[in-house]
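Working notes, beginning with the structure itself.
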Amino acid sequence: MNDIIEAVDIKKYFIKRKFFFSSKKEEEKAVDGVSFTVPKGKTFGLVGESGCGKSTVAKLVVKVLAPDSGSISVRGDADIVFQDPFSSLNPRMTVRKIIGESLFVRGIKKDEIERRVKETLSTVKLGDSDVLDKYPHQFSGGERQRIAIARALIRRPEVLVLDEPVSSLDVSIQAGILNLLKDLQEELHLTYIFISHDLRVVEFMSDTVAVMKSGKFVEVASREEIYASAKDAYTRQLLESIPEI
Amino acid sequence: MDAVLKVENLTVTSAKRPVIDDVSFDLHSGEVTALVGESGSGKTLSALSILDLLPSGVIRKTGKISFKGENIFDLKAEELESIRGNDIAMVFQEPFTALNPVMRAGIQISEAIAAHKRYTDSEVKGRVEELLDMVRLSSQVVRSYPHELSGGMRQRLILAMALSCEPEVLILDEPTTALDVSIQKEILDLIKGIQDNRRFAILFITHDFSVVNMVADKVCVMKEGRIVEKGLKEEVLKNPKHPYTRKLIDCIPRLGDKRKRLPG
Amino acid sequence: MKDKLNKRIIFGASIIALMAIVAVFAPYVATQDPLEMDLSADARLQAPSLEHFFGTDSLGRDVFSRMVYGTRISLSVGFIAVFISLVIGISLGGLSGYYGGWVDGVIMRLVEVMYCFPTFFLIMMVITFLGPNIVNVMIVIGLTSWAGLCRLVRAEFLTLRERDFVYSARVQGVPNGRIIFRHILPNAMAPVYVSATLSVGGAILVESALSFLGLGVQIPTPSWGNILTAGKNYIDYAWWLTLFPGLAILVTVLSFNLIGEGLREVLDPKLRESRR
């Protein structure tokens, strides 16, 4: 079996109070019975509008959250790259410390960490050695996102969850990051879960696409099928909303 | 036909560096002019200059901005205030921060209406309904607080407030960037619909060329404070002359895109 | 990033620096032995003169020298008491804000209890039981003034805990303790600096009041507060016994407040700037 990720009917509910003092508790079904599998080396695209639950799925895959029911198994490590390159890097840590942190807490020696940090930085094309002692605020958005990618890759995970990785970047910078992600996938045989609200970007990156709404998948199909002949009405509505050049 | 608003050779510096460098463009009634650029291009600052709302530390160096023949920078404070919101209105990018969270929507619109002209209460009420209708919001919205409205509804509300004094120039700064794609389409259609009826001079600021394609008549492309290309939308899109323009157009992935890699 | 060191910080810090120098080099700055008494009639209750800058007290001791040594007391109580409250406040606030749940519940109830007590009376009661001396004073002030800091730190943690760089650390398997102290805490310190600085002034005031009431530093060890006590019976004619210690307390507390307010100005806009 070639599947690296297998999710079976996962559900995640959040409990919210209706008002500040109310005793009535409302259940918010962030993820309401979602199943999917992702084979090695492929990209599973997850598209939907804000509030549909796609970020919750991301957190479930990297085990920051545990599902309330159902199961999700990943054969190997999974790491994550977030949307906002400004808040996803600790403003008070140097690049060296940020990227090397996950190695440091596993007891790896300083020299080895240094070597691997440099190596990973050059895979994300930030190979300049004086990058290491700088702080996040000294970099542009695109560079920060590369740092975030380096941080996620340093332990050589099987899976990378990309939660709107280019949505906060300028259009011309987006292209560079998307190209980089594709190259890395080939080089390192990575499996991706690529999340975005932008259908065009999801189409560009993914092999299989799932359209999500209110915690459920309304349609899951290969990229070609979704974009050429979507069956679900919501999917078609999303496709029609895309401004065309 | 003469331009309603003319920006001529505007140069604005901040800490001695030009953030807007010799920029010129015109706005005509009935036309949507798109100002396209990435972050740091100076597009928002250009819009703020029109209303003379540059943040402190940013100084205009040279150039002039004429509204109906008069130079904005020569006007006195009261004259400027009567223009802002009244003759020239602006909608900002974030629909969340432009609204007062503790005031109901109806009151905020009423305030915008009454800000520049004296109306009776019933006139204001009538105007509120008219405006909500123009932006296709149900009149129930009047009783809601901003946090009870969706992002799209908030943006419509802000649009209604901007239109309340029937401005001649409407500046929209990335009005759909923070919205979901289906809402974006609705807002863009709405803007086009309003434009069909009312013939404002609209300055539409964006970084996305596909949005430009949907709404604009003319395009100005800005890079690092300079305008690198100007022209009619169809011409610029079909035949971009400047490499930066070409890059901005090409690097957007398209539906049905067969490319394996994006340029740049 | 160059910080604009504003006038308040510079002014306040200069005065405190001056006092710190006086405190450290007390034996060199003091003109006389602060404990030496001279009970002869022409030595007691002397007005300020070239020999005694601040005059003498009812036991013929040189007030200036006593004040100089009193600086040691005031500054050390201020700093150490606040340090104790920082340690407690930051730890509890961090745990409370990061873990939430019952940990937060328990700690917040504790904070509320602290707020319920009129602090000064609590301090007086405890000192009465434990016995008045400078160490007890420092510890008790520290143990009773951490609640405000705790809330501040908790509030910062509640926000910072949801930031993506914290999620990222969790994904990467960074242990919670390290996340709290190495990742979140350095980013949470800005309001703490302001509050701590302002608290030093408060602690000094408390010590002075305690010493004035006889519950703090015991005579003959000089403290600004107990110089005031000695002076209270002679206010009408030995004005120097009240003026100088009073001024010293005023100037010191004011200086710390200036630094605190200045820090608030400098740090606040930077906090807001951290998002694009």
Side-chain angles (χ1 to χ4, degrees), chain A residues 45 47-52 54 85-86 140-142 164 166-183 185-186 194 196-206 209 211-213 223-224 226-230 233-245, chain B residues 34 36-41 43 150-152 174 176-189 192 206-216 219 221 223-224 233-234 236-238 240 243-264:
Chain A
V47 75
E49 301 188 298
S50 45
C52 67
K54 49 196 203 296
F86 289 71
S140 70
E164 307 255 21
V166 294
S167 307
S168 299
L169 303 174
D170 279 329
V171 180
S172 57
I173 310 290
Q174 278 191 25
I177 300 290
L178 292 176
N179 288 338
L180 172 68
L181 287 171
K182 278 201 166 184
D183 292 340
Q185 184 170 42
E186 259 187 58
F194 191 96
S196 179
H197 65 280
D198 188 339
L199 282 132
R200 304 169 294 184
V201 174
V202 169
E203 188 200 11
F204 178 73
M205 293 295 296
S206 317
V209 177
V211 179
M212 196 165 179
K213 183 181 182 194
R223 173 184 64 205
E224 293 78 14
I226 291 254
Y227 289 92
S229 51
Y234 178 69
T235 312
R236 282 204 298 271
Q237 181 196 352
L238 286 185
L239 286 167
E240 275 156 32
S241 309
I242 299 176
E244 269 308 332
I245 281 214
Chain B
V36 188
E38 302 184 293
S39 51
S41 58
K43 51 195 202 297
S150 70
E174 309 238 34
T176 56
T177 304
L179 302 172
D180 281 328
V181 74
S182 51
I183 311 291
Q184 173 175 279
K185 178 161 198 292
E186 287 175 23
I187 301 285
L188 291 177
D189 284 339
K192 281 204 298 204
T206 180
H207 64 277
D208 187 343
F209 250 105
S210 50
V211 169
V212 172
N213 189 30
M214 272 197 78
V215 283
V219 181
V221 181
K223 181 184 183 199
E224 285 165 10
K233 171 190 75 184
E234 291 82 8
V236 173
L237 279 175
K238 242 194 308 179
Y244 180 68
T245 312
R246 202 167 303 130
K247 181 160 120 166
L248 281 187
I249 296 175
D250 287 342
C251 67
I252 301 179
R254 265 148 258 204
L255 284 186
D257 208 331
K258 298 286 184 244
R259 298 177 289 179
K260 291 276 181 246
R261 297 182 105 250
L262 295 170

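We name chains A, B, ... by the order of the sequence lines, and we start the count at 1 in each one. Note that the structure is predicted; figures quoted are calculated from it, not measured.
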_Residue, of A:Asp183, A:Leu199, A:Val201, A:Ile173, that accumulates the most heavy atom pairs under 4.5 Å with chain B_ =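 Counting heavy-atom pairs under 4.5 Å, the top option is A:Asp183.
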
*If you draw a 6.0 Å radius around CD in A:Glu244, do more than 12 non-hydrogen atoms from other residues or ligands fall strictly inside?*
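Counting other residues, nucleotides and ligands, CD of A:Glu244 exceeds 12 neighbours.
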
*Above 12 or not: heavy atoms from other molecules or residues under 6.0 Å from CD of B:Glu224?*
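Not more than 12 within 6.0 Å, no.
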
Supply the atom-to-atom distance [X] [atom1] to [Y] [atom2], rounded to the nearest 0.5 angstrom.
X        : Y        : atom1 : atom2 : answer
B:Lys260 : A:Lys182 : NZ    : NZ    : 6.0 Å
B:Leu248 : A:Asp170 : CG    : CG    : 9.0 Å
A:Ser172 : B:Ile252 : OG    : CD1   : 10.5 Å

*Against chain A, label B:Gln184 side chain, backbone, both or neither, depending on which of its atoms sit under 4.5 Å from a heavy atom there.*
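For B:Gln184, the contact with chain A is made by the side chain alone.
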
*asked:* Using heavy-atom distances under 4.5 Å, tell me whether B:Leu188 contacts chain A through its side chain, its backbone, both, or neither.
replied: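 No part of B:Leu188 comes within 4.5 Å of chain A.
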
*Residue pair A:Glu203 / B:Arg254: nearest heavy atoms and the distance that separates them*: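 Looking at all heavy atoms of both residues, the shortest contact is OE1-O, 3.3 Å.
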
*With respect to A:Val171, which candidate in B:Ser210, B:Cys251, B:Pro253 satisfies the side-chain contact (heavy atoms from CB on, under 4.5 Å) definition?*
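Between A:Val171 and the candidates, side-chain contact (heavy atoms from CB on, under 4.5 Å) is satisfied uniquely by B:Cys251.
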
*Does the B:Lys185 side chain pair with the main chain of A:Glu240, one donor and one acceptor, at a distance under 3.5 Å?*
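Between the backbone of A:Glu240 and the side chain of B:Lys185 there is no qualifying donor-acceptor contact (under 3.5 Å).
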
*Would you check if A:Asp198 and B:Val181 make a side-chain contact, meaning some heavy-atom pair closer than 4.5 Å?*
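Side chain of A:Asp198 against side chain of B:Val181, heavy atoms only: no contact under 4.5 Å found.
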
*Tell me, do B:Ser182 and A:Gln237 make a side-chain contact under 4.5 Å, heavy atoms counted?*
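When only atoms from C-beta onward are counted, A:Gln237 and B:Ser182 do touch, with a gap below 4.5 Å.
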
*asked:* So which residue, B:Asn213, B:Asp180, B:Val215, B:Asp189, ends up with the most heavy-atom pairs under 4.5 Å with chain A?
replied: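 Most heavy-atom pairs within the cutoff with chain A belong to B:Asp180.
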
